[in-house]
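Single-structure report; data block below.
Values in this document were obtained by computation on a predicted structure and should not be read as measured data.
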There are 2 protein chains.
Amino acid sequence: LIRFEEVAKTYDMGATQVFALQGVSMEIERNEYVAIMGPSGSGKSTLMNIVGCLDVPTAGRYELNGEMVSELDDDELARIRNQEIGFVFQTFNLLPRSNALRNVELPLIYAGCSAKERRERAVDALDSVGLADRMDHRPNELSGGQKQRVAVARALANDPSIILADEPTGALDTRTGVEIMDLFSSLHSSGNTIIIVTHEEHIAAYCRRIIRFRDGRIESDEFNVEA
Amino acid sequence: LIRFEEVAKTYDMGATQVFALQGVSMEIERNEYVAIMGPSGSGKSTLMNIVGCLDVPTAGRYELNGEMVSELDDDELARIRNQEIGFVFQTFNLLPRSNALRNVELPLIYAGCSAKERRERAVDALDSVGLADRMDHRPNELSGGQKQRVAVARALANDPSIILADEPTGALDTRTGVEIMDLFSSLHSSGNTIIIVTHEEHIAAYCRRIIRFRDGRIESDEFNVEA
Ligand SMILES: Nc1ncnc2c1ncn2[C@@H]1O[C@H](COP(=O)(O)OP(=O)(O)OP(=O)(O)O)[C@@H](O)[C@H]1O
Ligand SMILES: Nc1ncnc2c1ncn2[C@@H]1O[C@H](COP(=O)(O)OP(=O)(O)OP(=O)(O)O)[C@@H](O)[C@H]1O
Ligand SMILES: [Mg+2]
Ligand SMILES: [Mg+2]
């Protein structure tokens, strides 16, 4: 499914360079449930942006379902993103002037869904994250945790086969966080591939495999025997 | 120092109303170290915005250092905010086109500091949160946790007597989070008043008092004997 070979990402800051990722090689099979952990600035979000075809590596090879992603054109990348991948951004990226329902409908518009089906699926997704009573609120009319739950609902609306979630419970209290993780776990048991960035051990405990990063490199990659 | 009497905040959404805060009465003395906890959507950020003079209550009285805040004009409110209060927002609110150093210098420009002193204090503040090597990065060139640490540095730069921090460690790994809390604890022991919103019990454990909210009301208000 996902294969990285010596992937690197370097940012050129003029006088200096930042090595966000260095020599990353890993494979993630279909229907895996993986946690990505590591200190602040260690390259986790950079990795997720590349896996999700939102950014390209500076060096190395990235293969997704047998296709060399670095050789695909923009249209093919957009097709993969829209059909295969649901993304929960660390910074939410909600449209400020659209309400919660509209924000969740957005990926369904690209997928060519009818207006009626779009609304039904968006309502279901918001209900599944406990926001049935906040659908007509715009982002500045929602609390921090509510904004995060809208971002999770948007990632689920299109029923993607790969879910990439960057700190999906960071702004949530423990109980709300557990509800979101139960949602991801049930998506995992129906066959989806789930990759979650978290710095909380009790969230990573839901996953089957934990890959730890430090300074842009894989520090460890272990199966989680408790899950 | 801070006295709330039956403070309420209601948002009028047209057909419905949202009761973000209802009948909140509390007192916080100078040099207290208080944690605010509660589920997502329970009114924590709404409370902090009112305490920080960034928003006004719909009903009730708010007294700060003996002055009735609801009767002050905008200039007086701005003076209190700039001199007395350092604020770490839940959504960071960094200026996107300014680098980390410039973002931290910002409150010092309003305080009338010389350019030389401004730069020195901003460099010190960024160094104290572990970002000496990211000063010339703009927000989109920083990781999530690094952005949060810039927001913390900005709140400290002006050496305020009251620090209001809304989830100051939410995007940080445990070790970086502990470093930030040690910073707050040393500010507390030099006489500052610190109020922290968090949903993590191990962060609240640093504080001397824990006030828990539910559905816009105070559910409990206890001293933390371990601290
Ligand atoms: N501008 C607004 N218009 C309408 N409703 C609002 C507005 N701002 C906040 N709310 C509502 O007020 C309630 C309290 O929000 P608040 O941001 O204080 O919650 P919180 O306790 O900080 O939650 P979180 O832990 O998720 O950050 C929420 O239910 C939210 O939807
Ligand atoms: N556009 C950019 N230009 C320059 N440097 C960048 C850019 N984006 C990220 N970086 C740097 O790359 C490194 C990795 O960033 P990344 O966002 O992947 O970290 P992270 O592991 O997600 O951290 P966090 O847990 O704080 O979110 C950081 O040191 C960051 O400062
Ligand atoms: Mg990140
Ligand atoms: Mg909040």
If I compare all heavy atoms of B/Ile210 with all of B/Ala204, which pair ends up nearest, and what's the gap? CD1-CB, 4.0 Å
For A/Phe92, give me all partners under ring-ring contact (aromatic ring centres under 6.0 Å, His included), at least two apart in sequence or on another chain.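 A/Phe92 satisfies ring-ring contact (aromatic ring centres under 6.0 Å, His included) with no residue once adjacent residues are dropped.
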The ring-ring contact (aromatic ring centres under 6.0 Å, His included) partners of B/Phe87 (sequence neighbours excluded) come to B/Phe89
Applying side chain to side chain contact (heavy atoms under 4.5 Å, CB included), name anything that partners B/Ala165, two or more places apart in sequence or on another chain. B/Val88, B/Pro168, B/Phe184, B/Ile196
I'd like to check A/Val34 versus A/Ile194 (side-chain heavy atoms, cut-off strictly below 4.5 Å). Are they in contact? no
Between chain B and chain A, which donor-acceptor pairs sit under 3.5 Å apart?
unit_1: A/Ser40; atom_1: N; unit_2: B/Asp173; atom_2: OD1; d: 2.7
unit_1: A/Ser40; atom_1: OG; unit_2: B/Arg149; atom_2: NH2; d: 2.9
unit_1: A/Arg149; atom_1: NH2; unit_2: B/Ser40; atom_2: OG; d: 2.9
unit_1: A/Gly170; atom_1: O; unit_2: B/His199; atom_2: NE2; d: 3.4
unit_1: A/Leu172; atom_1: O; unit_2: B/His199; atom_2: NE2; d: 2.9
unit_1: A/Asp173; atom_1: OD1; unit_2: B/Ser40; atom_2: N; d: 2.7
unit_1: A/His199; atom_1: NE2; unit_2: B/Gly170; atom_2: O; d: 3.4
unit_1: A/His199; atom_1: NE2; unit_2: B/Leu172; atom_2: O; d: 2.9

Separation between CD1 of B/Ile163 and CD1 of B/Ile195, rounded to the nearest 0.5 Å: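 So the gap between those two atoms works out to 10.5 Å.
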